Novice: 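Pasting a structure here, questions to come.
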Amino acid sequence: MLHGKRILLIVGGGIAAYKSLELIRLVQKAGGTVTPVLTRAGAEFVTPLSVSALAGAKVYTDLFDLTDEAEMGHIQLSRAADLLVVAPATADLMAKMAGGRADDLASTLLLATDKRVLVAPAMNVRMWTHPATQRNLAVLRDDGVLTVGPNEGDMACGEYGPGRMAEPAEIVAAIAAALGGGPLAGKHVIVTSGPTHEPIDPVRYIANRSSGAQGTAIAAALRDLGARVTFVTGPAVMPAPSGVTVVAVQTAHDMATAVAVALPADAAVMAAAVADWRVANATGQKMKKDGSGKAPVLEFAENPDILVTVSKGPGRPRLVVGFAAETDDVVAHATAKRLRKGCDWIVANDVSADTGIMGGTENAVTLISDAGSEVWPRMSKTEVARRLAARIAGALA
Ligand code: CTP
């Protein structure tokens, strides 16, 4: 199940640390290898010797251990693995991760990695349900961190409730899912996202208010279901998610080319707010005031419609999903747009200024397909993305 997979296992401090020994054994039994990292607190619960003996590998503990750095720098250590697993993940470790701290080896590896991270929280029930921990959890999930557990039950501290670390076998299953065992495993999905910038001259451009938040969340949700995602993004505010192939572009033209290069795909989700027009008389030098008081006149040329090209062109993905940004008669316009553009589904949203949707964290969408239109309640863009990804998985099954 984990044949040839390399797991960097960070063992945090907590009574559940003893279960990480069993976890090491099960990962190895499933064909994977484990590079163990013990936090200072973790080493209070399990000894470096027992961890390294079981893993059959050196255990890393200290960021400033020069021998470790000489053998393998922390950046390399954080990237040589296929997946980072934090088990047990304490409240403190989760807070550090959510805050982007890097003050010891474990937190530095977690910040420096370009790989997915799976955390198995384990803590006292009050600590788990505390708003601060729940807030940190929400931040981590939004960052694309995967979680397994905690489970409910009797705790070592004598209390009962959620907080027990997931069982090692559950963690191994979650590792397998994170490494490509999800419903979209083996599927390639292209996602376009963000605005485009259409140059006027070398220092000026025409853009729009898209932050890229919805497209970014969709790419992350598809990735979480196991898809291989090519994320073609304009200059967005939101950073691209980890674990996807990022193709950064500026203009609609670049975006069209990048999408053509990324084909074939099983599905395409066109969430980008592509500029319909580019400046035909853009200049290679900065436009100067000539003192005459005469305003420059910009001429426009129509950009290629990427959604139409993909929907009606050769090598059409099985499922093509467009977006419709409308400010009035949302469903009527979006329904007509679906037919005109030839895509299977349209995710329609009202981007009128008073909705706060463009550039905001929430979205209220209507999913339009040949089966009609389905109004979704207002929810976070992350949740819209999760639902849409689940639908896509259903359609491609
Ligand atoms: N789109 C695209 N290429 C373009 C313009 C739009 O791929 N040159 C895609 C968007 O990514 C989105 C869908 O088409 O999935 C609809 O975008 P939208 O801006 O709502 O529509 P427009 O094509 O601009 O149509 P209109 O001007 O009529 O609103």
Side-chain angles (χ1 to χ4, degrees), residues 2 5-24 26-27 32 34-42 45-46 51 60 77-79 81-125 127-130 132-152 155 162-179 181-182 220-221 223-224 241-243 382 386:
L2 299 178
K5 298 295 183 193
R6 292 157 305 172
I7 309 301
L8 185 77
L9 174 65
I10 295 171
V11 181
I15 193 75
Y18 77 92
K19 288 193 199 170
S20 61
L21 300 177
E22 173 70 355
L23 178 60
I24 293 171
L26 290 184
V27 168
V34 176
T35 303
V37 174
L38 258 183
T39 66
R40 190 186 297 268
F45 292 88
V46 286
V51 172
Y60 293 85
L77 184 61
S78 75
R79 297 180 185 174
D82 297 302
L83 183 74
L84 271 64
V85 178
V86 188
T90 59
D92 180 55
L93 205 40
M94 288 175 64
K96 273 190 191 173
M97 288 172 73
R101 301 268 307 270
D103 60 0
D104 60 9
L105 178 62
S107 53
T108 303
L109 294 172
L110 288 160
L111 199 61
T113 191
D114 58 355
K115 297 300 182 333
R116 306 297 312 279
V117 177
L118 171 72
V119 300
M123 65 198 74
N124 167 272
V125 56
M127 292 171 78
W128 173 251
T129 54
H130 195 286
T133 302
Q134 292 302 307
R135 215 164 37 235
N136 291 333
L137 178 70
V139 168
L140 293 177
R141 286 199 173 136
D142 266 356
D143 288 348
V145 171
L146 303 166
T147 55
V148 52
N151 295 342
E152 198 158 307
M155 307 194 63
R164 277 168 66 104
M165 187 169 90
E167 292 307 316
E170 288 174 68
I171 300 175
V172 171
I175 291 172
L179 290 172
R223 170 206 63 195
D224 286 350
S242 57
T382 311
R386 288 206 184 112

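Both backbone and side-chain heavy atoms feed into the values below; hydrogens, waters and symmetry mates do not. Just so it is clear, the structure is predicted and the values come from calculations on it, not from any experiment.
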Novice: Thr133 versus Met123: any side-chain heavy-atom pair under 4.5 Å?
Specialist: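 Yes, their side chains come closer than 4.5 Å.
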Novice: Can you give me the closest heavy-atom contact between Leu111 and Gly100, atom names plus distance?
Specialist: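 Reported closest heavy-atom pair: CD2-O, 3.3 Å.
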Novice: Check side-chain contact (heavy atoms from CB on, under 4.5 Å) between Ala169 and all other residues, then give those that pass, not counting sequence neighbours.
Specialist: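 Leu26.
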Novice: In chain order, what residues pass the side-chain hydrogen bond (donor to acceptor under 3.5 Å, both in side chains) check against Thr35, with sequence neighbours excluded?
Specialist: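 For Thr35 there are no side-chain hydrogen bond (donor to acceptor under 3.5 Å, both in side chains) partners, ignoring immediate neighbours.
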Novice: Given the rule in the side chain to side chain contact (heavy atoms under 4.5 Å, CB included) test, do Leu137 and Trp128 qualify, once you have shown the distances and angles that lead to the verdict?
Specialist: CA-CA 9 Å; Leu137 178 70; Trp128 173 251; 3.7 Å; yes
Novice: Kindly compute the distance separating CD1 (Ile10) from CG (Leu110), expressed to the nearest 0.5 Å.
Specialist: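 Output value for this atom pair is 4.0 Å.
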Novice: Arg141: what forms a salt bridge (charged side-chain N to carboxylate O under 4.0 Å, His left out) with it, not counting sequence neighbours?
Specialist: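 In terms of salt bridge (charged side-chain N to carboxylate O under 4.0 Å, His left out), with neighbours along the sequence ignored, Arg141 is linked to no residue.
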Novice: Any chance you could measure Asp114, atom CG, to Ser78, atom OG, to the nearest 0.5 Å?
Specialist: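 OG of Ser78 is found 6.5 Å from CG of Asp114.
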Novice: My understanding is that only residues two or more places apart in sequence, or in another chain, count here; which of them pass side-chain hydrogen bond (donor to acceptor under 3.5 Å, both in side chains) with Glu22?
Specialist: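 In terms of side-chain hydrogen bond (donor to acceptor under 3.5 Å, both in side chains), with neighbours along the sequence ignored, Glu22 is linked to Arg25.
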Novice: Just wondering, do Leu8 and Lys115 contact through their side chains at under 4.5 Å, heavy atoms?
Specialist: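 No, side chains not in contact.
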Novice: Which heavy atom in Met127 sits nearest to a heavy atom in Ala91, and how many Å separate them?
Specialist: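 Heavy atoms of Met127 and Ala91 come nearest at CE-CB, 3.9 Å.
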Novice: Just jot down the side-chain hydrogen bond (donor to acceptor under 3.5 Å, both in side chains) partners of Arg386, sequence neighbours excluded, or say none.
Specialist: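 In terms of side-chain hydrogen bond (donor to acceptor under 3.5 Å, both in side chains), with neighbours along the sequence ignored, Arg386 is linked to no residue.
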Novice: Rounded to the nearest 0.5 Å, how far apart are CG of Leu77 and OH of Tyr60?
Specialist: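 Result: 5.5 Å between the selected atoms.
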Novice: List the residues meeting side-chain contact (heavy atoms from CB on, under 4.5 Å) with Thr90, not counting sequence neighbours, and say none if there are none.
Specialist: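 Partners of Thr90 by the side-chain contact (heavy atoms from CB on, under 4.5 Å) criterion, ordered by chain and then number, come out as Asp92, Leu93.
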Novice: Given side chain to side chain contact (heavy atoms under 4.5 Å, CB included), test Met97 with Asp143 step by step and report yes or no.
Specialist: CA-CA 10 Å; Met97 288 172 73; Asp143 288 348; over 6 Å; no
Novice: Please report the closest heavy-atom contact between Asp104 and Ser107, naming both atoms and the distance.
Specialist: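 Result for this residue pair: OD1-OG, 2.5 Å.
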Novice: How many angstroms lie between NZ in Lys96 and OG1 in Thr39, if you round to the nearest 0.5 Å?
Specialist: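 So the NZ of Lys96 and the OG1 of Thr39 are separated by 7.5 Å.
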Novice: Ala166: which residues meet the side-chain contact (heavy atoms from CB on, under 4.5 Å) condition with it, sequence neighbours left out?
Specialist: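 Val148, Asn151, Glu170, Ile171.
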Novice: For a side chain to side chain contact (heavy atoms under 4.5 Å, CB included) check, start with the C-alpha distance between Leu21 and Val51, then their side-chain angles and the critical distance, and finish with the verdict.
Specialist: CA-CA 6 Å; Leu21 300 177; Val51 172; 3.8 Å; yes
Novice: Using side-chain contact (heavy atoms from CB on, under 4.5 Å) as the criterion, list what pairs up with Asn136, not counting sequence neighbours.
Specialist: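 Expected list: Ala95, Ala98.
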Novice: Could you pull out the closest heavy-atom pair between Met94 and Pro121, with the gap in Å?
Specialist: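 Looking at all heavy atoms of both residues, the closest pair is SD-CB, 3.9 Å.
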Novice: What's the separation between atom CD1 in Ile7 and atom CD1 in Ile175, rounded to the nearest 0.5 Å?
Specialist: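 Separation between the atoms: 5.0 Å.
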Novice: Verify, without hydrogens or angle tests, whether Arg164 (side chain) and Ala16 (backbone) share a donor-acceptor contact under 3.5 angstrom.
Specialist: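 A pair under 3.5 Å: no.
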Novice: For a quick test of reading the model, state the closest non-hydrogen atom pair linking Ser20 to Ala87 and the distance between them.
Specialist: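 Nearest heavy atoms, Ser20 then Ala87: CB-O, 3.7 Å.
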Novice: Quick one: salt bridge (charged side-chain N to carboxylate O under 4.0 Å, His left out) partners of Arg101, sequence neighbours excluded?
Specialist: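 Checked Arg101 against salt bridge (charged side-chain N to carboxylate O under 4.0 Å, His left out); matches are Asp103.
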Novice: Taking all non-hydrogen atoms of both residues, which atom of Thr129 and which atom of Pro162 are closest, and how far apart?
Specialist: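 Between these two residues, the closest heavy atoms are CG2-CG, 4.5 Å.
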Novice: Could you name each residue pair satisfying salt bridge (charged side-chain N to carboxylate O under 4.0 Å, His left out) that touches residues 5-20, not counting sequence neighbours?
Specialist: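 For residues 5-20: Arg6-Asp82, Lys19-Glu167.
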